[in-house]
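FYI, the numbering just counts along the sequence from 1.
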Amino acid sequence: MVLRNIPLKWSRTHRTRLEKAAGVGQVNLLCTALTWKLLRVQAATQWSTVKFPGEAKEGTKGGEMLRIPLTGPQLAQLVERTLWGTLPMSAQTPGHRALYQRTYDAAAAVLDGVDLSVADGAAVPDIIDARIATE
């Protein structure tokens with residue numbers, strides 16, 4: 001799973017996704033509170049001035065779904081940092097790497113549908129973290 005991302009990290013495809021992400025006005029990330037907690041830690045870096053929305057409100061259960069609004073710069077950094085977290089040289093657990101891979105893939109699917117040549121277009125769809133139905 002992670003070895004395929006080594007060439008992707010330095011590819012034109014990834015750079016184009018970052019460029020598209022940076023130009024997004026706003027997109028919503030739909031995920032559980034626990035997922036956002038893990039992604040927020042991964043997305044933040046000590047060298048960046050990009051700030052991310054905070055933790056879920058006190059008393060929110062880990063499985064509760066959240067809608068996290070992200071700006072273009074926030075999305076670009078999230079995409080970059082989640083891809084970085086999937087690489088074998090990152091000191092993450094296999095579970096963390098799997099979460100970052102799923103998040104990167106979901107964001108990439110949305111970003112691949114963005115057309116940079118269109119000035120006025122439809123809003124960018126939400127990035128959705130899949131979950132098991134409760135039925």
Side-chain angles (χ1 to χ4, degrees):
M1 172 170 65
V2 296
L3 294 180
R4 69 185 166 105
N5 287 342
I6 292 174
L8 177 62
K9 172 74 172 96
W10 292 276
S11 71
R12 179 179 301 261
T13 301
H14 179 63
R15 287 192 309 271
T16 300
R17 287 175 179 157
L18 290 177
E19 183 180 338
K20 288 179 178 183
V24 168
Q26 180 177 329
V27 66
N28 291 313
L29 172 66
L30 301 168
C31 62
T32 65
L34 179 57
T35 298
W36 175 240
K37 182 177 183 177
L38 295 171
L39 290 175
R40 187 171 175 268
V41 168
Q42 176 65 16
T45 69
Q46 61 184 346
W47 302 284
S48 176
T49 58
V50 176
K51 302 296 181 208
F52 286 87
E55 296 282 338
K57 292 179 184 172
E58 186 71 33
T60 302
K61 295 180 181 163
E64 195 170 323
M65 295 300 286
L66 302 177
R67 181 179 303 271
I68 309 297
L70 299 174
T71 64
Q74 290 169 328
L75 178 59
Q77 186 162 322
L78 179 71
V79 167
E80 173 63 18
R81 296 291 300 153
T82 55
L83 179 59
W84 182 258
T86 68
L87 299 177
M89 62 280 259
S90 92
Q92 303 296 334
T93 66
H96 281 88
R97 285 195 297 270
L99 170 64
Y100 303 148
Q101 184 69 59
R102 283 193 27 75
T103 304
Y104 182 84
D105 291 346
V110 169
L111 292 169
D112 288 347
V114 171
D115 185 353
L116 293 174
S117 66
V118 177
D120 280 339
V124 176
D126 291 343
I127 299 170
I128 300 174
D129 173 42
R131 61 181 173 157
I132 300 171
T134 55
E135 296 178 19

Nearest 0.5 Å, please: how far is [atom2] in [Y] from [atom1] in [X]?
X: C31; Y: K37; atom1: SG; atom2: NZ; answer: 13.5 Å
X: Q77; Y: Q42; atom1: CD; atom2: CD; answer: 10.0 Å
X: D112; Y: D105; atom1: CG; atom2: CG; answer: 10.0 Å
X: H96; Y: L38; atom1: NE2; atom2: CG; answer: 4.5 Å
X: R40; Y: R81; atom1: CZ; atom2: CZ; answer: 14.0 Å
X: F52; Y: L78; atom1: CZ; atom2: CG; answer: 6.0 Å

Tell me, do Y104 and V79 make a side-chain contact under 4.5 Å, heavy atoms counted?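 When only atoms from C-beta onward are counted, V79 and Y104 do touch, with a gap below 4.5 Å.
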Side-chain H-bond candidate by donor/acceptor type, S11 with H14, under 3.5 Å: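 Not at all, the side chains of S11 and H14 share no donor-acceptor pair under 3.5 Å.
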What are the two closest non-hydrogen atoms of P53 and L70, and how far apart are they?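 Closest approach of P53 to L70, heavy atoms only: CD-CD2, 4.1 Å.
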Looking only at non-hydrogen atoms, find the nearest pair between M65 and L30 and report the distance.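 Heavy-atom minimum between the residues: CE-C, 4.2 Å.
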Run the side-chain contact (heavy atoms from CB on, under 4.5 Å) check on T32 and E64 step by step: do they pass? CA-CA 5 Å; T32 65; E64 195 170 323; over 6 Å; no
If you look only at distance, which donor and acceptor atoms sit under 3.5 Å apart when one is on a side chain in residues 19-29 and the other is two or more places apart or in another chain?
residue	atom	partner	partner atom	Å
K20	NZ	L111	O	3.3
K20	NZ	V114	O	2.9
N28	ND2	D126	OD1	3.4

